[in-house]
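Worksheet: one structure, shown below.
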Amino acid sequence: MIYLASRSPRRRELLAQVGVKFEMVLFREGARQDAETIEDLYPGEHPDDYVRRVTRLKVDAAWQRVVMRRGLRRMPVLAADTTVALANEMLAKPADAADAARMLKLLSGTRHRVLTAVAVAFEGRVEMRVSESHVTFCALDEARIDAYVASGEPFDKAGGYGIQGRAGAFVSHLEGSYTGSWGCRFSRPANSCGNSG
C-alpha cells in the first residue's frame, strides 16, 4: 500500500493495472502557489532537470504532509511529473486552446521526447527514476488539430496531448515506454514501492 500524490486519473489507472493498492494524499485544493510545489520553468532550465526538480518537490511536500498529519499511517509516497521536449524546448500543459494548437503544430511530423520522473519517498529516503520515450507524430493538418483541441483532451497534459487517448492516432512511431509516455513508467518504481513496506 502506498500514498499517491497526484490528481492524475492516468496515474491512478496505471497503479490499478499493475496491482498497487494506494490512497490519495493531495495538496490543498485550488491553485498551488507555494514554493514547494511550483511548476514554473526556471530560466535556462533543461527539460531533464525540470522534470527531476518538480518531481522531487512534489514527493518531498507529500511526504511532509504524511508526517505532519496526525493519524495517517506512514506508508511510501509516490509522486510523478511528465514533460514533453522538442529539442530543448519544453512543452508544458497548454494555457488555453490557442496554446494547445500551437504545441500540436510544433509536434506535427516531428520526433520529440517524453520525460516522466517517478519518485518514491519513505522515512527520509527518496528513490527516483526517469523514463525517456521518443515519440514521432505523423503530419497533422489544421482541421485535425482543431478537432482534437475542441475535444478538450489536450488540457492538463504536457505537450497538449495524451497518447492513451485520441492523440494515440497521431503517433507514427514510439521508442521507449508506452506507460512512461502517458505519465508513469511503473515497471521499476512499482517494484521499489513493493520493497518499501
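The structure displayed is predicted, hence computed values, not measured ones.
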*Between Tyr148 and Glu153, is a side-chain hydrogen bond (donor to acceptor under 3.5 Å, both in side chains) present by the stated rule, with each step listed?*
CA-CA 7 Å; Tyr148 183 67; Glu153 193 174 286; 2.8 Å; yes
| task | Compare all side-chain heavy atoms of Val59 with those of Leu78 and state whether any distance is below 4.5 angstrom. | result | no
Of all heavy-atom pairs linking Pro154 and Gly160, the shortest is CB-O, 2.9 Å
Q: Compare all side-chain heavy atoms of Tyr161 with those of Leu104 and state whether any distance is below 4.5 angstrom.
A: yes
Quick check: does any side chain N or O of Ser131 sit under 3.5 Å from a backbone N or O of Thr116, one acting as donor and the other as acceptor? no
- Item | CZ (Arg102) with more than 12 external heavy atoms under 6.0 Å | yes
Give a yes or no on whether Ile2 and Met128 share a hydrophobic cluster (residues Ile, Leu, Val, Met, Phe, Trp, Tyr; joining criterion: side-chain heavy atoms under 4.5 Å apart).
-> no
message = Go through it in stages, so that I can follow the logic: the residues are Asp81 and Arg53, the test is salt bridge (charged side-chain N to carboxylate O under 4.0 Å, His left out), and I'd like the CA-CA distance, side-chain angles, deciding distance and then a yes or no.
response = CA-CA 9 Å; Asp81 194 70; Arg53 176 181 60 82; over 6 Å; no
> Step by step, would you call Trp63 with Arg74 a side chain to side chain contact (heavy atoms under 4.5 Å, CB included)?
Replying inline: CA-CA 9 Å; Trp63 177 251; Arg74 291 200 179 191; 4.3 Å; yes
Note: Gly159 and Leu107 closest approach over all heavy atoms is O-CD1, 3.6 Å
Checklist entry - Do the side chain of Ser108 and the main chain of Leu140 share a donor and acceptor less than 3.5 angstrom apart? => result yes
Heavy atoms of Arg144 and Cys138 approach each other most closely as NH1-SG, 3.7 Å
Notebook entry, point to check: Would you call Arg56-Asp60 a salt bridge at under 4.0 Å N-O?
Noted result: yes
task = Might you confirm whether atom CD of Glu89 has over 12 heavy atoms from other residues, nucleotides or ligands at distances under 6.0 Å?
result = yes
- Query: With ring centroids as reference points, do His112 and Phe137 lie under 6.0 angstrom apart?
  - Reply: yes
Do Leu86 and Met103 pass the side chain to side chain contact (heavy atoms under 4.5 Å, CB included) test, and can you show the C-alpha distance, the side-chain angles, and the key distance before you say yes or no?
CA-CA 10 Å; Leu86 183 60; Met103 289 181 189; over 6 Å; no
Nearest heavy-atom contact between Arg166 and Ser151 is NH1-CB, 2.8 Å
Q. Do Val66 and Met75 sit in the same hydrophobic cluster, where Ile, Leu, Val, Met, Phe, Trp and Tyr count as joined when their side-chain heavy atoms come under 4.5 Å apart?
A. yes
If hydrophobic clusters are built by linking Ile, Leu, Val, Met, Phe, Trp and Tyr wherever their side-chain heavy atoms come under 4.5 Å apart, do Tyr3 and Val126 end up in the same one? yes
**OP:** Kindly indicate whether the side chain of Arg111, heavy atoms from C-beta on, has any atom under 4.5 Å from the side chain of Glu175.
**Re:** yes
Worked verdict on Glu23 versus Arg73 for side chain to side chain contact (heavy atoms under 4.5 Å, CB included): CA-CA 11 Å; Glu23 293 178 16; Arg73 193 171 112 204; 5.7 Å; no
Between Thr83 and the options Thr55, Leu91, Val114, Val51, the side chain to side chain contact (heavy atoms under 4.5 Å, CB included) test singles out Val51
| query | Is any side-chain heavy atom of Lys105 closer than 4.5 Å to a side-chain heavy atom of Ile145? | reply | yes
Tightest non-hydrogen contact, residues Phe155 and Val149, listed as CE1-O, 3.8 Å
**Item:** Charged N-O contact under 4.0 Å between Lys58 and Glu39
**Value:** yes
Q.
Could you tell me if the side chain of Thr136 sits less than 4.5 Å from the side chain of Val171, heavy atoms only?
A. no
Heavy-atom nearest pair, Met90 first then Pro47, reads CB-CG, 4.2 Å
* Is any side-chain heavy atom of Asp48 closer than 4.5 Å to a side-chain heavy atom of Val130? -> no
*Which is it for His46 and Asn88 under the side chain to side chain contact (heavy atoms under 4.5 Å, CB included) test, yes or no, and what are the steps along the way?*
CA-CA 7 Å; His46 195 274; Asn88 282 328; 2.9 Å; yes
